[in-house]
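Here the structure is laid out as structure tokens; the discussion comes afterwards.
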Amino acid sequence: MSNLLPAKTKYRKVQKGRNRGHAKGGTSVVFGDFAIQALERGNMTASQMEAARVAINRHLKRKGKMWMRVFPSKPITKKPAETRMGKGKGPVEYWVAQIKPGNVLFEVSGVSVTVAREAMRLADGKIPFHCRFISRDEQSAF
């Protein structure tokens with residue numbers, strides 16, 4: 001079980017809202033040399049982020065450095081199974097990061113392009129939407 005959640009929030013529960021438009025920031029490689037960029041929108045849970053992080057780090061084998069560019073800051077609530085309607089909103093079940101097309105999710109540096117590409121391919125398998133591999137020198141505007 002992943003332990004990614006905010007230390008403190010202003011409100012315990014939030015409304016569902018909508019995830020529209022393209023990413024306004026965080027669309028280019030800033031820290032590392034290679035990255036994966038989201039091509040679709042969706043919610044990425046804390047456990048999915050942790051699974052992708054572990055996949056990248058296992059493939060890098062302590063060579064290079066990895067950055068996580070997204071953080072789960074939105075609580076998702078759920079009412080227990082077989083509960084009648086009413087009686088308020090359910091308790092917080094898990095945390096998600098709302099991902100928009102163009103968001104850079106993970107970055108790596110200090111490894112060759114083939115190692116980075118394979119690490120990002122393994123991480124992409126843990127993520128619930130399509131992503132692409134980008135590098136610092138050949139990144140295009142999203």
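- Once rounded to the nearest 0.5 Å, the distance linking CE of M49 with CE of M44 reads 5.0 Å.
- The backbone N or O of V30 sits less than 3.5 Å from a side-chain atom of R136, completing a donor-acceptor pair.
- Between the side chain of K100 and the main chain of A38, no donor-acceptor pair closer than 3.5 Å is present.
- To the nearest 0.5 Å, atom CD1 of residue I56 and atom CD of residue E107 are 10.5 Å apart.
- Taken to the nearest 0.5 Å, the NE2 atom of H59 stands 10.5 Å off from the CE atom of M120.
- The closest donor-acceptor contact from the side chain of R41 to the backbone of N19 lies under 3.5 Å.
- Judged purely by atom type and a 3.5 angstrom limit, E40 has no side-chain atom pairing as donor or acceptor with the backbone of F129.
- How far CG of N103 is from CD of Q37: 8.5 Å, rounded to the nearest 0.5 Å.
- When atom types are taken as modelled, the side chain of N57 and the backbone of V54 share no donor-acceptor pair closer than 3.5 angstrom.
- Within 6.0 Å of atom NZ in K78, 12 or fewer heavy atoms from other residues, nucleotides or ligands are found, so the atom counts as exposed in its surroundings.
- Under the 4.5 Å side-chain criterion, counting only non-hydrogen atoms from C-beta, W95 is in contact with T9.
- Atom-to-atom distance recorded for L39:CG and H130:NE2 is 8.5 Å, nearest 0.5 angstrom.
- For the pair K79 (side chain) and G86 (backbone), a donor-acceptor distance under 3.5 Å is present.
- One finds the NZ atom of K126 at 12.5 Å from the OG1 atom of T45 (value rounded to the nearest 0.5 Å).
- Remark: side-chain polar atoms of K13 are paired, donor with acceptor, to backbone N or O of G90 under 3.5 angstrom.
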